[in-house]
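No hydrogens, no waters, no symmetry mates; every other heavy atom, side chains included, goes into these values. In listed order, ligands and their atoms are each counted from 1.
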Amino acid sequence: MSETELRVSKIKDGTVIDHITGGHALDVVKILGITGKEKGTLTIAVNVPSKRLKAKDIVKIEGRELNPQELHKIALLAPHATINIIRGYNVVKKFEVKLPKVIENIVKCANPACISNSNEPVQARFYVECEEPLLLKCHYCGYIMEKKDVLQQF
Ligand code: CTP
Ligand code: ZN
C-alpha cells in the first residue's frame, strides 16, 4: 500500500457487492431499501479504478445476506456485479449476479392502463430485451421499461 492509498476495513459477516457499473452504487443501495439507519457498517465506494471495468462501484453491507429477489434487483441495475458472501472475515461464496430472461413480480408496469395494474389477478411479467442499457418489455401491454422507470419504484 502506498501513501496515496487508504484501505477500507474488511467486514466480518455480510455481503460485498463488487464490480458494480461505475456510478450505480447509490441505486443499488436504494433498491435494497437501505436507509443508512441500520446497525451494521455500510461502505459505499464510487468510481474506484478497476482492471476489468473503466470504473467500478463497491457496496459492503455488514450483517446482511441477500435473497434471490434482491439479487435479481441488483442484476437489473448492475448486470456484472459480483456478490461476495463474507462469514468470519472470509469470502465463503463468490458469484456474478444473473438476470433471468423473464422478470416476475419484481417491478410493476409503468403503463397505468396495463391489465397488470388493474384489480385483475395478473402478476407483472417482463421479458428482458436488453441488459445494458436495460430494456424490459411488458408481457401484457408491450410497454418498454427503462432503468429510470425501474428506479422510480424503489
Ligand atoms: N472483502 C471484505 N471483507 C472481507 C473479505 C473481503 O470487505 N472480510 C472484500 C474485498 O475488499 C473485496 C471483495 O470483498 O472488495 C472480494 O474479496 P476478495 O475475493 O478477497 O478480493 P479479490 O480477489 O480482489 O476479488 P475479485 O477477484 O472478485 O476482484
Ligand atoms: Zn404492461
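Ile34 and Ile86 are members of different hydrophobic clusters when ILVMFWY side chains are connected at heavy-atom separations under 4.5 Å.
The only member of Val59, Leu99, Leu32 that meets side-chain contact (heavy atoms from CB on, under 4.5 Å) when paired with Ile74 is Leu32.
The aromatic ring centroids of His139 and Phe126 lie 6.0 Å or more from each other.
With rounding to the nearest 0.5 Å, the separation of NZ in Lys137 from OH in Tyr143 is 14.0 Å.
Salt bridge annotation for Arg64-Glu70: present, with a cationic side-chain nitrogen under 4.0 angstrom from a carboxylate oxygen.
For the side-chain hydrogen bond (donor to acceptor under 3.5 Å, both in side chains) test, no residue two or more places apart in sequence or in another chain qualifies with Asp149. Not counting sequence neighbours, the partners of Thr82 by the side-chain hydrogen bond (donor to acceptor under 3.5 Å, both in side chains) test are His19.
Here the Zn ion (ligand 2) has protein N, O or S atoms under 2.8 Å from it, and they come to 4.
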Are there any protein N or O atoms under 3.5 Å from the N or O atoms of ligand 1? List them with distances, or say none.
unit_1, atom_1, unit_2, atom_2, d
ligand 1, 3 (N), Ile11, N, 2.9
ligand 1, 7 (O), Lys60, NZ, 2.7
ligand 1, 8 (N), Ile11, O, 2.8
ligand 1, 8 (N), Tyr89, O, 2.8
ligand 1, 19 (O), Lys94, NZ, 2.7
ligand 1, 25 (O), Lys94, NZ, 3.1
ligand 1, 28 (O), Lys94, NZ, 2.7

Q.
Does Thr21 form a side-chain contact (heavy atoms from CB on, under 4.5 Å) with Glu132? I'd like the steps, not just the answer.
A. CA-CA 10 Å; Thr21 320; Glu132 218 168 14; 3.5 Å; yes

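For the pair Ile44 and Asp57, the minimum side-chain heavy-atom distance is 4.5 Å or more.
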